[in-house]
Protein chains: 2
Amino acid sequence: MQPNAYTGACPTRVVLDRIADKWAVLILGLLAEGPMRFNSLRRSIERLSQKVLAQTLRRLERDGLLTRTAFPTVPVTVEYALTPLGRTLAETVDALRLWAEAHITEVQAAQRAYDGRGLVMPDA
Amino acid sequence: MQPNAYTGACPTRVVLDRIADKWAVLILGLLAEGPMRFNSLRRSIERLSQKVLAQTLRRLERDGLLTRTAFPTVPVTVEYALTPLGRTLAETVDALRLWAEAHITEVQAAQRAYDGRGLVMPDA
DNA sequence: GATAGCTGGTTCCCATCGGAAACCAATCAC
DNA sequence: GTGATTGGTTTCCGATGGGAACCAGCTATC
């Protein structure tokens, strides 16, 4: 049996749900440039709360995409780094972020055109 | 000013949040092969509810990624098709799905290893 | 002629999730 | 002793997500 994300029971769904995530994309994009520490990540990604950062990091660690290393310094230092597997994914998801940054103008123009048609808008 | 997804106020965030979405990835992947109708999409993507499909489609339409065309047949026929902009995105997000399908085995192995360490697991 | 089925949705309700803020231990600088 | 650092966890509440039911309008079947 080969994986097929369109099949509901396929475990690929779970993985896709994890990596098709705004915060995971941004975290992997940063770690692609080198290892980083918890608070450094938090300060680099605006509006990302500690709770969600911790959750996302632990899930990515569980999926074998990054490693968590704690150094017994004082205060404790924790470093997050991509695994080889994570590095292959980082290239893929970074393309998503780059697409968004490259086409934001076109998307915003489309939104204005859509909203101007006097229809009910999905959300703000 | 150039777009930067790491800045909280950047509109890129909103776009990234929309395209870094499990259902959007699967929908765009199907539409890349040609236009499809509402119920055809619904049947092709298992466990996707009507409500979420309708929501996702309308947001993608608002963002200028796909077009919605209703034909006055009986019963009414509604066709969804990618725009040129949506086509550029579809290639990018399809890479995500393909990554998930290609590396699912490694991810599952990592999960078993992580869970076997006797730690608290993030979730099931 | 009543029932079931198709089309493409919308609405209701509840569980889950996300985010803000508070709290934590331990240690250092002032 | 007061404040700041480290890397989190806990609490609380509002937003979000998904399942199921419902809708109109027409057709095909029994």
Side-chain angles (χ1 to χ4, degrees), chain A residues 6 8-9 13-14 16-27 30-31 35-62 66-81 114 119-124, chain B residues 6-9 13-14 16-27 30-31 35-62 66-81 119-124:
Chain A
Y6 291 100
R13 272 292 173 80
V14 182
L16 188 58
D17 205 24
R18 191 133 306 157
I19 63 183
D21 170 68
K22 179 175 54 175
W23 301 125
V25 167
L26 295 174
I27 291 170
L30 280 177
L31 291 182
M36 284 184 93
R37 291 163 54 185
F38 187 87
N39 277 318
S40 178
L41 283 167
R42 195 168 78 82
R43 279 188 292 261
S44 298
I45 306 176
E46 294 183 14
R47 298 190 188 176
L48 170 58
S49 70
Q50 290 188 336
K51 174 184 158 189
V52 174
L53 176 57
Q55 274 180 359
T56 307
L57 286 172
R58 206 149 303 120
R59 288 179 203 170
L60 293 174
E61 184 196 1
R62 177 171 182 261
L66 53 82
T67 56
R68 177 187 185 276
T69 314
F71 300 97
T73 56
V74 67
V76 63
T77 299
V78 179
E79 192 176 82
Y80 292 93
Y114 185 95
L119 300 169
V120 182
M121 62 183 99
D123 54 17
Chain B
Y6 291 99
T7 306
R13 271 293 174 80
V14 183
L16 188 58
D17 204 25
R18 191 133 306 158
I19 64 183
D21 170 68
K22 179 175 55 177
W23 301 125
V25 166
L26 294 174
I27 291 170
L30 280 178
L31 290 181
M36 284 184 93
R37 292 163 52 183
F38 187 88
N39 277 318
S40 178
L41 283 167
R42 195 167 79 81
R43 279 188 290 261
S44 298
I45 306 177
E46 294 183 14
R47 299 189 190 177
L48 170 58
S49 70
Q50 290 188 334
K51 174 188 159 188
V52 175
L53 176 57
Q55 273 181 358
T56 307
L57 286 172
R58 205 149 304 118
R59 290 178 204 173
L60 294 175
E61 183 196 2
R62 178 172 181 260
L66 53 81
T67 56
R68 177 187 184 277
T69 313
F71 299 98
T73 55
V74 68
V76 63
T77 299
V78 178
E79 192 176 83
Y80 292 92
L119 299 169
V120 182
M121 61 183 102
D123 53 15

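Fair warning: this is a prediction, and the values are worked out from it, not measured in the lab.
Base pairing in DNA chain D yields stems of at least 3 consecutive Watson-Crick or G-U pairs, both distances under 3.5 Å, namely C:1-30 with D:1-30.
The distance from atom CE of A:M36 to atom C1' of D:dG8 is 17 Å, rounded to the nearest whole Å. At whole-Å resolution of the value, CZ in B:F71 and P in C:dG9 are 13 Å apart. At whole-Å resolution of the value, CZ in B:R42 and C1' in D:dA20 are 12 Å apart. Between the CG atom of A:L57 and the C1' atom of D:dG8 there is a distance of 11 Å, rounded to whole Å. Atom C1' of nucleotide D:dG8 and atom CG of A:L53 are separated by 10 Å, given to the nearest angstrom. Nucleotide D:dT6 holds its P atom 11 Å from the CZ atom of A:F38, rounded to whole Å. Rounded to whole angstrom, the span from the CZ atom of A:R37 across to the P atom of D:dT6 amounts to 7 Å. With rounding to whole Å, A:D17 atom CG is found 15 Å from C:dT16 atom P.
With a 4.5 Å cut-off on side-chain heavy atoms, A:T77 and A:R37 count as touching. When side chains are defined from C-beta on, B:Y6 counts as touching A:L30, because their heavy atoms get closer than 4.5 Å. Annotation: side chain of A:Y114 is in contact with side chain of B:R58 (closest heavy-atom distance under 4.5 Å). At a threshold of 4.5 Å between non-hydrogen side-chain atoms, the residues B:L57 and B:F38 count as touching. Between B:R13 and A:L26 the shortest side-chain heavy-atom distance falls below 4.5 Å. With a 4.5 Å cut-off on side-chain heavy atoms, A:L48 and A:L41 do not count as touching.
Contact check, A:R68 against D:dG8: a side-chain N or O comes under 4.0 Å of OP1 or OP2. Contact annotation: B:R58 side-chain N/O to C:dG8 OP1/OP2 distance is not under 4.0 Å. When the side-chain nitrogen and oxygen atoms of A:R43 are compared with OP1 and OP2 of D:dT6, one or more of them lie within a distance under 4.0 Å.
Taking the side chain of A:A54 as heavy atoms from C-beta on, and the options D:dT6, C:dT27, D:dT9, the nearest nucleotide is D:dT9. Counting only heavy atoms from C-beta on, B:Y80 has its side chain closest to C:dG9 among D:dG7, C:dG9, D:dG25.
Listed here is the closest heavy atom pair of B:V25 and B:I19: CG2-O, 3.9 Å. Minimum interatomic distance between A:R68 and A:Y80 (heavy atoms only, all atoms of both residues): NE-OH, 3.4 Å. B:S44 and B:M36 make their closest contact through OG-CE, 3.6 Å (heavy atoms, listed as atom of the first residue, atom of the second, distance).
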Can you tabulate the close N/O pairs, meaning under 3.5 Å, that link protein atoms to atoms of nucleotides 18-23 of chain C?
residue: C:dG19; atom: OP1; partner: A:W23; partner atom: NE1; Å: 3.3
residue: C:dG19; atom: OP2; partner: A:W23; partner atom: NE1; Å: 3.3
residue: C:dG19; atom: N7; partner: A:K51; partner atom: NZ; Å: 3.2
residue: C:dG19; atom: O6; partner: A:K51; partner atom: NZ; Å: 2.2

